[in-house]
Amino acid sequence: MSLGNMTYPYINMNKGANAAGDCSPDVMRYAACLSSFRRGWMTKLKTFNHVAAGVSQSFISRNNDVGGYWALGELYKDASAPDDAVQLQLLDGVAIPSTRSVCQVAKNYAVFLQRALADKGIASDELADANVCIQFNAEAPEGAISMEYQGDPFVCTVTLRTAQGKVAVAKAYGRCLRNRWGMFAGRAG
């Protein structure tokens, strides 16, 4: 291992290594710092994965509504052929297609993401990109969707890219029907 202009063939980072005289105190401090940095980076990526999973699970929940209707039914209604997909860029506020419902959901989840990042102690500038893609009429792995739900299968993919270029991806599967006028009653209030 090379540390600056010094080369060490092996750094023993076991608890009693320095007491046994295996490494100088400078090497032990460097090794401890390096180990701490790696642990911190992995924790940060795990945290981004956790945030991505939270966004995806919240997004497909029945509590995600817009205008009193389940947001996914509204998004499915607004998704157009041939791809039946909706794209939300949460940092830029871009929604494709740019209908009123889709834009409102993008705004809602931009706020949700900022709160989730703050709850985990992550500054918003540590995130370079945040996208939600909902693909309707999608193929789903066997057993990914409970049979008790009705409708067409969809996959919700949340992708968070850090400023360092690391990527956290979370997918959630479900079923939903297009919201058609008169088909469903909206939520009261």
Side-chain angles (χ1 to χ4, degrees), residues 44-117 119-120 122 124 126-187:
K44 187 70 77 173
L45 188 55
K46 285 181 183 179
T47 304
F48 277 112
N49 282 324
H50 182 79
V51 170
V55 170
S56 70
Q57 289 302 309
S58 172
F59 202 90
I60 69 165
S61 80
R62 298 291 173 169
N63 292 322
N64 179 10
D65 71 52
V66 61
Y69 293 95
W70 188 36
L72 284 160
E74 288 290 302
L75 297 179
Y76 193 11
K77 176 181 73 175
D78 292 343
S80 58
D83 58 353
D84 280 334
V86 172
Q87 296 279 336
L88 308 174
Q89 296 176 1
L90 300 182
L91 296 183
D92 302 338
V94 175
I96 303 170
S98 59
T99 64
R100 185 173 50 191
S101 295
V102 178
C103 290
Q104 184 60 51
V105 172
K107 287 178 190 172
N108 293 348
Y109 273 85
V111 171
F112 183 93
L113 176 64
Q114 292 304 318
R115 285 184 188 151
L117 292 172
D119 287 349
K120 295 296 178 186
I122 300 171
S124 59
E126 291 184 54
L127 197 59
D129 201 16
N131 294 307
V132 177
C133 176
I134 305 94
Q135 178 66 55
F136 297 99
N137 290 317
E139 295 292 322
E142 184 73 29
I145 304 171
S146 174
M147 296 307 286
E148 67 189 55
Y149 294 115
Q150 296 180 21
D152 301 320
F154 68 84
V155 60
C156 173
T157 306
V158 176
T159 306
L160 304 178
R161 188 171 48 85
T162 69
Q164 295 82 23
K166 299 293 181 180
V167 178
V169 177
K171 291 187 178 194
Y173 300 90
R175 293 183 180 275
C176 82
L177 297 168
R178 287 183 198 266
N179 188 10
R180 292 190 175 88
W181 189 86
M183 185 175 185
F184 300 106
R187 192 180 292 212

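Note that the numbering runs from 1 along the sequence shown for the chain.
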- prompt: Shortest non-hydrogen contact from Ala71 to Val105?
  reply: CB-CG2, 3.9 Å
query: Would you call Val132 and Cys156 a side-chain contact if the rule is heavy atoms closer than 4.5 Å?
result: yes
query: So, do Phe48 and Leu117 sit near enough that their side-chain heavy atoms are less than 4.5 Å apart?
result: yes
- request: Please collect all salt bridge (charged side-chain N to carboxylate O under 4.0 Å, His left out) contacts where either partner lies in residues 79-91, sequence neighbours excluded, each pair once.
  value: Asp84-Arg178
task: Provide the closest heavy-atom pair for Phe154 versus Arg175 in the form atom of the first, atom of the second, distance.
output: CE2-N, 3.3 Å
statement: All heavy atoms of Ala130 vs all of Leu160, minimum pair found to be CB-CD2, 3.6 Å
field: Between CD on residue Gln164 and NZ on residue Lys44, distance to nearest 0.5 Å
entry: 8.5 Å
Salt bridge (charged side-chain N to carboxylate O under 4.0 Å, His left out) contacts in which one or both residues fall within residues 97-117, not counting sequence neighbours: none
Which atom of Glu139 lies closest to which atom of Tyr173, heavy atoms considered: O-CE2, 4.3 Å
- prompt: From Thr157 OG1 over to Gln87 CD, what is the distance, rounded to the nearest 0.5 angstrom?
  reply: 9.0 Å
task: Might you point out which heavy atoms bring Asp65 and Asn108 nearest each other, and give the distance in Å?
output: O-ND2, 4.2 Å
task: Would you indicate whether the side-chain heavy atoms of Gln114 and Leu91 approach each other to under 4.5 Å?
output: yes
message: Could you work out, with ring pair (Phe, Tyr, Trp, His ring centres under 6.0 Å) as the rule, every residue matching Phe112, not counting sequence neighbours?
response: Tyr109
task: Working to the nearest 0.5 Å, report the span between CD of Gln104 and CG of Leu75.
output: 11.0 Å
- prompt: Hey, are the side chains of Leu88 and Val102 touching, using non-hydrogen atoms and a 4.5 Å cut-off?
  reply: yes
message: If I take atom CG from residue Asp152 and atom CG from residue Leu177, how far apart are they, to the nearest 0.5 angstrom?
response: 6.5 Å
statement: Which of Leu113, Ile60, Thr159 passes side chain to side chain contact (heavy atoms under 4.5 Å, CB included) with Val55? Answer is Leu113
- prompt: Measuring from Ile122:CD1 to Leu127:CG, what's the distance to the nearest 0.5 Å?
  reply: 8.0 Å
query: Parallel, tilted or perpendicular: which describes the rings of Tyr76 and Phe136, with under 30° parallel and over 60° perpendicular?
result: parallel
field: Shortest non-hydrogen contact between Ala85 and Pro97, atoms and distance
entry: O-CD, 4.2 Å
task: Any chance you could measure Glu74, atom CD, to Cys176, atom SG, to the nearest 0.5 Å?
output: 10.5 Å
